[in-house]
Engineer: 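Just passing along the structure, written as structure tokens.
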Amino acid sequence: AVLEKATETVFKEPVVVTGKLLGPVRTTHSEGVVKFVKCRFVNTGYVPLSEGDKATPGTAHFTVQRVGKGSVELEDCEVLGGKSVSIMGVDKITRTYVTGGNDLFRPPEGESYYTEVLGEGLIMDSPASHSDILQVTFGKDRTPDNPAVATIHLLRCKFDARSRTGADGRSLDAVNGAIQLGSFGPNTGVTGEITGCYFDGGAFSLAGGDHGDAGKPVVLRGNKFGRLSKYGPINPRWRENQDIDDSNVWADTGEPLKAR
């Protein structure tokens with residue numbers, strides 16, 4: 001289908017939306033669930049990477065944005081584009097394809113569950129953009145008495161942090177990583193489990209660290225890594241607060257990951 005015109009749609013109450021072609025969406029409900037099933041969201045002005053130098057993440061900052069405290073679920077959906085972030089604050093995503101944003105996901109404070117999600121094809125809004133597939137950044141103003149923790153659960157996801165690619169398969173754009181943790185203050189943290197996933201591309205595929213280690217360690221188990229990152233699979237300074245074992249392997253050989 002061709003989207004001739006897209007304006008932001010605001011959902012204020014719990015609802016189930018099925019089989020719709022939508023532009024940018026914002027949810028403001030305070031409780032309950034807004035659930036989208038088999039929907040496609042296209043950011044205003046989005047042009048895919050297949051258009052080469054004409055590619056753009058779109059003009060609206062967010063393609064799907066959760067503003068209220070109620071839950072938002074995406075199931076069997078497509079989300080295309082995002083000048084800042086494709087999906088902002090959504091707490092449950094299942095079997096969904098996301099591409100073309102400057103960043104693709106920013107999970108919320110609290111629990112989030114992403115299962116069998118494919119994120120790829122970052123389009124940087126500008127050469128100075130700091131682009132990641134999943135980026136945790138919140139709580140810069142939190143105090144020791146009011147900390148913030150994001151608990152992420154990633155199961156069988158594939159995050160490929162490449163944009164336009166050269167002959168060697170590596171990204172021609174200065175994208176950062178498949179996962180970026182740490183761009184927030186000392187009174188914040190990320191915990192949770194990352195299992196059965198595939199990561200590739202970026203400067204480091206898993207990047208960030210040094211800040212925001214509140215909460216239990218992030219557990220990585222049974223993940224596979226491609227070899228198309230610029231420097232390696234995991235930044236040596238990725239996190240102090242983590243739990244990584246030898247079940248995390250290179251995708252091509254099955255050998256345990258030693259480079260960190």
Engineer: Could you grab the distance from atom CG of D103 to atom CD1 of I123, nearest 0.5 Å is fine?
Structural biologist: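 Output value for this atom pair is 12.5 Å.
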Engineer: Is a side-chain N or O of T99 found less than 3.5 angstrom from the main chain of E120, in a donor-acceptor match?
Structural biologist: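 At least one qualifying donor-acceptor pair exists.
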Engineer: Check for me whether K224 meets the cation-pi criterion with Y198, that is, NZ or CZ under 6.0 Å from the six-membered ring centre and within 45 degrees of the ring axis.
Structural biologist: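 Pair K224/Y198 does not count as cation-pi.
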Engineer: Looking at R66 and V90, would you say the former's side chain and the latter's main chain have a donor-acceptor pair under 3.5 Å?
Structural biologist: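 Answer holds: no.
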Engineer: Are the side chains of F199 and I133 in contact, using a 4.5 Å heavy-atom criterion?
Structural biologist: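 The answer is no; the side chains never approach within 4.5 Å.
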Engineer: side-chain hydrogen bond (donor to acceptor under 3.5 Å, both in side chains): which pairs involve residues 16-31, sequence neighbours left out?
Structural biologist: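 Every pair satisfying side-chain hydrogen bond (donor to acceptor under 3.5 Å, both in side chains) with a residue in residues 16-31: E8-R26.
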Engineer: Could you tell me whether a side-chain N or O of D200 sits under 3.5 Å from a main-chain N or O of D160, the two making a donor and an acceptor?
Structural biologist: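 A pair under 3.5 Å: no.
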Engineer: Using 0.5 Å steps for rounding, measure from the CG atom of L122 to the OG atom of S171.
Structural biologist: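 Interatomic distance, L122 CG to S171 OG, rounded to 0.5 Å: 8.0 Å.
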Engineer: Just so I know, are the side chains of N43 and P57 near enough to count as touching, which here means a heavy-atom distance under 4.5 Å?
Structural biologist: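 They are not in side-chain contact.
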Engineer: Would you say the side chain of V25 lies within less than 4.5 Å of the side chain of V34, judging by non-hydrogen atoms?
Structural biologist: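 Contact flag for V34/V25 side chains = no.
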Engineer: Quick one: does N102's side chain get under 4.5 Å of Q135's, heavy atoms only?
Structural biologist: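 Counting from C-beta outward, N102 and Q135 never come under 4.5 Å.
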Engineer: Please work out whether the ring planes of F204 and Y231 are parallel, tilted or perpendicular, with thresholds of 30° and 60°.
Structural biologist: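 Aromatic pair F204/Y231 classed tilted.
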Engineer: Just verifying a value: how many Å separate T94 OG1 and E116 CD, rounded to the nearest 0.5 Å?
Structural biologist: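 One gets 8.5 Å once the value is rounded to the nearest 0.5 Å.
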Engineer: How far does CG of L257 sit from CG of L206, to the nearest 0.5 angstrom?
Structural biologist: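 If I round to the nearest 0.5 Å, the distance is 8.5 Å.
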Engineer: Is it the case that one hydrophobic cluster holds both I93 and M88, taking links as side-chain heavy atoms less than 4.5 Å apart, direct or via other members?
Structural biologist: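 No, it is not one cluster - the side chains of I93 and M88 are not joined through contacts under 4.5 Å.
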Engineer: D245 and S247: side-chain donor and acceptor closer than 3.5 Å?
Structural biologist: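 Checked: D245/S247 side chains pair up, N/O donor to acceptor below 3.5 Å.
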Engineer: So, R221 side chain and G196 main chain: donor-acceptor pair closer than 3.5 Å or not?
Structural biologist: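 A pair under 3.5 Å: no.
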Engineer: Could you grab the distance from atom CG of D243 to atom CG of L220, nearest 0.5 Å is fine?
Structural biologist: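 Result: 8.5 Å between the selected atoms.
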Engineer: Side chains of L22 and F36, heavy atoms from C-beta outward: is any pair under 4.5 Å?
Structural biologist: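 In contact.
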Engineer: Is any side-chain heavy atom of P14 less than 4.5 Å from a side-chain heavy atom of V33?
Structural biologist: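 Side-chain contact under 4.5 Å: no.
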Engineer: Under 4.5 Å between side-chain heavy atoms, counting indirect links through other Ile/Leu/Val/Met/Phe/Trp/Tyr residues: same cluster for V37 and L21 or not?
Structural biologist: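 Looking at the clustering, L21 is in a separate group from V37.
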Engineer: Describe, in one word, how the ring planes of F105 and Y114 are oriented to each other, choosing from parallel (under 30°), tilted (30 to 60°) and perpendicular (over 60°).
Structural biologist: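 Ring orientation of F105 relative to Y114: tilted.
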Engineer: Does any part of the side chain of K230, heavy atoms only, come nearer than 4.5 Å to the side chain of R170, both counted from C-beta?
Structural biologist: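 They are not in side-chain contact.
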Engineer: Would you say the side-chain atoms of D132 pair up with the backbone N or O of G177, donor to acceptor, closer than 3.5 Å?
Structural biologist: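 Side chain of D132 to backbone of G177, a donor-acceptor pair under 3.5 Å: yes, one is there.
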Engineer: Is the shortest side-chain heavy-atom distance between S131 and N176 below 4.5 Å?
Structural biologist: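 A side-chain contact is absent here, since even the closest heavy-atom pair is not under 4.5 Å.
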Engineer: Taking atom CD1 of I179 and atom CD1 of I194, what is their separation to the nearest 0.5 Å?
Structural biologist: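 Taking CD1 in I179 and CD1 in I194, the distance rounds to 4.0 Å.
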Engineer: For residues 73-87, dump all side-chain donor-acceptor pairs below 3.5 Å to protein atoms at least two apart in sequence or in another chain.
Structural biologist:
unit_1	atom_1	unit_2	atom_2	d
E75	OE1	K35	NZ	3.4
D76	OD1	R95	NE	2.8
D76	OD2	R95	NH2	3.2
E78	OE1	R40	NE	2.7
E78	OE1	R40	NH2	2.8
S86	OG	G81	O	3.0

